[in-house]
Number of protein chains: 2
Amino acid sequence: MIIKSNIQRVLRYQHCVSNFYELGFDKIYSHNLAEAVGVSPEQVRKDFSEFGIRGNKRGGYDIHQLLDTFQDIFHGKVDKRTILIGMGNIGSALVKYRGFKKKRISILAAFDIDPSKIKGTYGIPVYHFDEVDKFINENCIHTAILSVPVVSVQQVTDELVKSGIIGFLNFTPAILQVPAHVVVNNIDLYLELESLFYYIRTSEHRNINCKEDKF
Amino acid sequence: MIIKSNIQRVLRYQHCVSNFYELGFDKIYSHNLAEAVGVSPEQVRKDFSEFGIRGNKRGGYDIHQLLDTFQDIFHGKVDKRTILIGMGNIGSALVKYRGFKKKRISILAAFDIDPSKIKGTYGIPVYHFDEVDKFINENCIHTAILSVPVVSVQQVTDELVKSGIIGFLNFTPAILQVPAHVVVNNIDLYLELESLFYYIRTSEHRNINCKEDKF
DNA sequence: TTAAATTTGTGAAAAAGTTATCAAAAAGCG
DNA sequence: CGCTTTTTGATAACTTTTTCACAAATTTAA
């Protein structure tokens, strides 16, 4: 049976369970997680059961056991490694982003078409994109973060697929064409912001006192 | 009847239709859009029909008319305005991000708890967070981008809600507690990357020749 | 020890979302 | 003009996801 439940939801549970652990709790109930993550308690239990996570009736879930299980599911004890392509605004920020390091994800190196232009210190090497194939093979990298300009992203992707990359975190608005075995997670900043404008416009709850209502 | 179809998918159609327009096309078929966006043609037609977009049997959709309709749906002719809170790595990058400007979205100002620390020029004013309430009311702002540290994001959100913000683009891993009329779009960078690692691990298609297979 | 209260786990039901099917309309063509 | 091809639009069928409902288990308390 293939697990298809939303992994991201389970990652949110993990985050929340860690918080409870930090606060000194030993057990947690589905309704605690539900409230914290913003889903229903039934959803939490269904998700857990898909991963074989069992609790105790009336006793909830053991936090230590939960954390161990999450570590198994997400390989929490190994350091994960990736590379980043494109050291523009977004790329440079991601290299410095602490949220990855905290969770034992390292960006091993960054690549750019013109590394000489890159200013500032990032704590990781910045190579020319020509070096990427060699680096991927020598370091056995499977994933890449794409923060290149949209015009070149498909070409860059094609080359990275050839070098063996099978997972992309794509920050460009392009819908990447990739072979079936390759996974792409898209983060389209414009899409998220524009859809937010749409939602607030249609939800009709904004401040009525605004004279100049232009959004 | 409330439209619930995925707005983000329609935004992708818009992007694709614009591309076709730039290339000089006058009409487009559901299968063109489907291929470009990575969905089924039926899905495209379903989405269109939810917005009352009609095509011609055998003639497809008129690109000019489509673009007009999209402009109506997304208020494409007005400049949209927002503010950004937290000028760390991510915040600073977003202020400089060209993807917003291209689509007529302006970040009018940024706010931080210590604006004197902010180095570099961003083309927009960077104020102390204490000024945010005044700014929101004077400029009639409805949305905010949150790129503050996760520990303070709930408190910041509460204050912004009080000032009248009803839409958030949240870059922290926190699940924000907000009143029912407030919309939150989350972009959790860690979640996207970690789930990518999960997918490629479970898809079992990675390079078998790797000696050192640690991800 | 027994009863009451609470919470899990699961199968059924409902809801939401996607895909398939096909008649009807329009375009192209001879 | 009439025939063929293509594509839409609508409805139906299917799939997936979420919620409901409740028995069974466990804890707490009297």
Side-chain angles (χ1 to χ4, degrees), chain A residues 1-13 16-17 20 25-70 73 175 180 186 191 195 198-199 202, chain B residues 1-13 16-17 20 25-67 69-70 73 175 180 191 195 198-199 202:
Chain A
M1 194 180 80
I2 297 147
I3 292 155
K4 284 200 296 205
S5 141
N6 198 336
I7 290 299
Q8 301 207 348
R9 215 161 42 211
V10 179
L11 281 164
R12 290 212 177 89
Y13 302 150
C16 176
V17 173
F20 269 72
F25 286 91
D26 286 321
K27 52 187 186 177
I28 194 166
Y29 304 110
S30 57
H31 66 85
N32 299 137
L33 281 165
E35 197 188 13
V37 172
V39 299
S40 71
E42 295 85 358
Q43 181 84 82
V44 175
R45 298 203 295 271
K46 263 269 149 69
D47 288 338
F48 277 11
S49 83
E50 257 196 287
F51 285 91
I53 295 171
R54 318 296 311 243
N56 294 310
K57 290 194 165 79
R58 176 79 208 252
Y61 300 89
D62 180 82
I63 282 187
H64 305 86
Q65 197 182 313
L66 269 183
L67 289 175
D68 284 350
T69 308
F70 288 141
I73 295 171
I175 306 291
N186 294 301
L191 231 61
S195 59
Y198 181 86
Y199 290 133
T202 52
Chain B
M1 194 182 79
I2 299 148
I3 293 155
K4 285 201 293 204
S5 143
N6 198 336
I7 290 299
Q8 301 207 350
R9 214 160 44 211
V10 180
L11 280 164
R12 291 211 176 88
Y13 302 150
C16 175
V17 173
F20 269 73
F25 287 92
D26 286 321
K27 52 187 185 179
I28 194 166
Y29 303 111
S30 58
H31 66 85
N32 301 135
L33 281 164
E35 197 189 12
V37 173
V39 298
S40 71
E42 294 84 359
Q43 181 83 80
V44 175
R45 298 204 294 273
K46 257 271 153 70
D47 289 336
F48 277 11
S49 83
E50 257 196 287
F51 286 91
I53 296 172
R54 316 295 312 238
N56 294 310
K57 291 195 163 80
R58 174 78 208 254
Y61 300 89
D62 180 82
I63 282 186
H64 305 86
Q65 198 181 313
L66 268 184
L67 289 176
T69 308
F70 287 140
I73 295 172
I175 306 291
L191 231 61
S195 60
Y198 181 86
Y199 290 133
T202 51

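One interatomic measurement links the two molecules: CZ of A/Arg9 to C1' of D/dT19, which rounds to 12 Å at whole-angstrom precision. Distance A/Gln43 CD to C/dT10 P: 16 Å, rounded to the nearest Å. Following rounding to the nearest Å, B/Lys27 (NZ) and D/dT6 (C1') show an atom-to-atom distance of 10 Å. The interatomic distance linking A/Leu66 (CG) with C/dT7 (C1') rounds to 14 Å, in whole Å. Atom CD in A/Glu50 sits roughly 12 Å away from atom P in D/dT16 (whole-Å rounding). If you take CZ of B/Phe48 and P of D/dT7, they are 15 Å apart, rounded to a whole angstrom. Straight-line distance from the CG atom of B/Asp47 to the P atom of C/dT18: 8 Å, rounded to whole Å. At whole-Å resolution of the value, CG in A/Asn6 and P in D/dT18 are 7 Å apart.
Atom-to-atom distance recorded for A/Leu11:CG and A/Ile73:CD1 is 9.0 Å, nearest 0.5 angstrom. We find the CD1-CG distance between A/Ile28 and A/Leu33 to be 4.0 Å, quoted to the nearest 0.5 Å.
A perpendicular orientation is assigned to the rings of B/Tyr13 and B/Phe48, their planes being inclined by more than 60° (bins at 30° and 60°). In this pair, A/Phe51 and B/Tyr198 present their aromatic rings perpendicular. The plane angle is above 60°, beyond the 30 to 60° band.
Looking at B/Arg45 and B/Tyr61, their side chains come closer than 4.5 Å, going by heavy atoms from C-beta outward. By the 4.5 Å heavy-atom criterion applied to side chains, A/Leu67 and A/Val17 are counted as neighbours. B/Val10 is listed as a side-chain neighbour of B/Phe70, based on a closest heavy-atom distance under 4.5 Å.
Rounded to 10°, the helix from C/dT1-D/dA30 to C/dG30-D/dC1 has 10° between the axis fitted to its first five pairs and the one fitted to its last five.
Residue B/Ser49 has no polar side-chain atom (N or O) positioned under 4.0 Å from OP1 or OP2 of D/dG9. Distances shorter than 4.0 Å separate none of the side-chain N or O atoms of A/Ser40 from OP1 or OP2 on D/dT18. Proximity of B/Arg54 to the phosphate of D/dA10: a side-chain N or O atom is located under 4.0 Å from OP1 or OP2.
Taking 3.5 Å as the limit, the base of D/dT19 and the side chain of A/Lys46 contain a donor-acceptor pair of atoms between them.
Nearest to the side chain of B/Arg45, among C/dT19, D/dG9, C/dT8, sits D/dG9. Counting only heavy atoms from C-beta on, B/Glu42 has its side chain closest to C/dT21 among D/dT19, D/dA21, C/dT21.
Against DNA chain C, the stretch residues 55-62 of chain A makes heavy-atom approaches under 4.0 Å through A/Gly55, A/Asn56, A/Lys57, A/Arg58, A/Gly60, A/Tyr61.
Contact between A/Ser195 and B/Ile7 at its shortest, heavy atoms only, is CB-CG2, 3.9 Å.
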Name the atoms and distances for all side-chain donor-acceptor pairs under 3.5 Å in residues 36-44 of chain A, with sequence neighbours left out.
unit_1: A/Ser40; atom_1: OG; unit_2: A/Glu42; atom_2: OE1; d: 3.3
unit_1: A/Ser40; atom_1: OG; unit_2: A/Gln43; atom_2: N; d: 3.2

